[in-house]
Amino acid sequence: MDNLLERIVEDNRSLTKEGKVATYIPELAKGNGNALGICVMTKDKEIFQAGDFETQFTMQSISKIVSLMYAIKYTGMDEVFKKVSVEPTAYGFNSIVNLEVKNYNKPLNPMINAGAIAVASMLKGATSDEKFENVLSFMRKICNNEEIKLNEKVYLSEKRTGHRNRSLAHFMKSTKVLEGHVEDILDVYFKLCSVEVTCKDIASIGAMLALDGLLWHNDERIIEPHIAKMVKAIMMTCGMYDASGEYAVKVGIPSKSGVGGGILATVPNKMGIGVVGPALDEKGNSIAGIEVLDQLSKELNLSIF
Ligand code: DON
C-alpha cells in the first residue's frame, strides 16, 4: 500500500501546476501549491502515508462536516433540519442566489457557506468562544490529537475580508434563518474554517465515519450510526459543491473538500482518506487531490456504486 500511494502521488504531482491556491482569503495565498500528500487509515487499524503528508493546512469547508455532526448530536436533528435542507446545488459554494429564489430562504445544504453559517448559529455554547471551543474539542477527540488548533493568521485574514459570507449571514438574519448576533455567528464560522490540520487528522474523521461513528483509535462510539450514514449521504451529494455529481460518477466515494486544499474521503466499512493539494480548480476543489482519489478508487475498487 505504501508503494501504491507513493506511485499515485507521483503520477499526479504535475497536475498541481494546473491549479491555483485560493487567494480570496489573502493568507491562503501563501499556501504551497506544489504540495501533494495522502494518508489512509483502514478498518484494520493500519495507517499509510505518502508524498507531502506532513503539510499543514486549514480545514476550511471540511470543518462543515464536523460542525454538522456536533450540531446534530447536541442541538438535535429536527432543530438543525428546520433551518437547513439537504439538496445539492448547481451554484458555487458562496453563492447567494438560491437563498432568495429557492426553498423559502432556507439554505440548500450544510456543505455550502450559507448552510454552514446557519449550522454555526445553532451550536451548543453560551458564547461564540464557547461554541468554537466545543466543536474544537469534539474535533480533537475524533482525531485523537490535542495539538489541533486555530491558525490565527488565517482566521483574522478571513474575518477581515469575508464580505460575501457577511452578506449571506445578513440575508439569513433578515429572513429569520439566523437568530442571534450576526458577527458572533460569523466569528464561530471563520474560526472553524481556520483550524489547522494534516492529512492524518482528516483521514481519522473519515475513518470514524467509515466505522459508522466509532473512533478509529479506540472504538469508542462518538456519534450514532444513523448520523454517520446521513453525513456520508450529504457528503456524496453535496460535499464537492457544484462538482458533486461529476465527482460521484468519477470517484464514487463520499468526500468533502476545502479551499485550504484538503479533501476528506470516507469509504464505508473500509477506510478514511485524507488528501492535501492546495492548488485548486475553478470550483475550489484540489485539482490533483481529485485525481489522486480517482486513481486510488479505481485501483482498489473503492466506489460505493
Ligand atoms: O467561507 C469560506 O469561503 C471559506 N472559509 C471556506 C470555503 C471553502 O472551503 C470552499 N471549498 N472548497
Side-chain angles (χ1 to χ4, degrees), residues 19-31 33 57-68 84 88-96 98-99 107-121 132 135 139 150-172 178 182-183 185-197 202 205 234-235 237-244 246-247 251 254-265 274-290 293:
K20 288 196 177 67
V21 296
T23 51
Y24 76 99
I25 300 170
E27 198 60 29
L28 290 187
K30 298 180 184 165
F57 56 97
T58 51
M59 288 183 103
Q60 299 300 333
S61 285
I62 296 171
S63 65
K64 293 175 166 87
I65 301 174
V66 184
S67 42
L68 176 65
V84 190
T89 171
Y91 293 101
F93 62 80
N94 57 5
S95 173
I96 197 164
N98 282 331
L99 280 182
L108 274 181
N109 70 68
M111 301 289 108
I112 52 172
N113 293 9
I117 293 167
V119 170
S121 76
F132 169 68
V135 182
M139 234 178 239
L150 179 70
N151 179 322
E152 192 80 19
K153 284 190 177 158
V154 173
Y155 156 62
L156 291 174
S157 181
E158 187 162 357
K159 189 177 168 73
R160 228 177 3 250
T161 57
H163 306 300
R164 179 73 71 98
N165 285 324
R166 264 187 197 97
S167 66
L168 293 169
H170 280 284
F171 189 93
M172 290 190 288
L178 290 193
V182 170
E183 209 51 45
I185 296 166
L186 284 167
D187 208 55
V188 180
Y189 172 78
F190 292 145
K191 280 186 175 161
L192 288 169
C193 288
S194 307
V195 169
E196 196 160 66
V197 290
I202 59 171
I205 302 172
I234 297 174
M235 287 166 71
T237 51
C238 312
M240 306 297 281
Y241 312 108
D242 46 329
S244 298
E246 193 185 332
Y247 183 85
V251 181
S255 301
K256 180 76 203 85
S257 62
V259 292
I263 304 179
L264 179 165
V275 176
V276 61
L280 309 177
D281 63 19
E282 72 288 353
K283 292 188 173 172
N285 295 319
S286 171
I287 193 159
I290 288 185
L293 284 159

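Both ligands and their constituent atoms are indexed starting at 1 by order of listing.
Checked against a 3.5 angstrom limit, the closest N/O atoms of Gly258 and ligand 1 fall outside it. Any N or O atom pair closer than 3.5 Å counts here, and Lys64 shares no such pair with ligand 1. The shortest N/O to N/O separation between Lys283 and ligand 1 does not fall below 3.5 Å. Considering backbone and side-chain N/O atoms, Phe93 never comes within less than 3.5 Å of an N/O atom of ligand 1.
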Inset, instruction - Tell me, with the steps shown, if Tyr241 and Lys283 meet side chain to side chain contact (heavy atoms under 4.5 Å, CB included). - result: CA-CA 8 Å; Tyr241 312 108; Lys283 292 188 173 172; 5.8 Å; no

Inset, instruction - Go through the steps for Glu282 and Lys20 under the test salt bridge (charged side-chain N to carboxylate O under 4.0 Å, His left out), then give the verdict. - result: CA-CA 8 Å; Glu282 72 288 353; Lys20 288 196 177 67; over 6 Å; no

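In Ile62, neither the side chain nor the backbone holds a heavy atom less than 4.0 Å from any atom of ligand 1. Residue contacts with ligand 1, taken as heavy atom pairs separated by less than 4.0 Å, do not involve Phe190 at all. When non-hydrogen atoms are compared, ligand 1 lies under 4.0 Å from the side chain of Asn113 (C-beta onward) but not from its backbone. Residue contacts with ligand 1, taken as heavy atom pairs separated by less than 4.0 Å, involve Ser61 via backbone and side-chain atoms alike. The part of Glu158 lying near ligand 1 is the side chain, judged by heavy-atom distances below 4.0 Å.
Shown in contact with Asn165 at under 4.0 Å from a heavy atom are these atoms of ligand 1, numbered in order with element: 1 (O), 2 (C), 3 (O). Interface atoms of ligand 1 facing Tyr241, defined by a heavy-atom separation under 4.0 Å, are 8 (C), 9 (O), 10 (C), 11 (N), 12 (N). Taking every non-hydrogen atom of Cys193 and a distance limit under 4.0 Å, the qualifying atoms of ligand 1 come out as 5 (N).
Using a 4.0 Å cutoff on heavy atoms, Asn94 does not count as a contact of ligand 1.
Checked by atom type, the side-chain pair Asn113/Asn165 shows a donor-acceptor distance below 3.5 Å.
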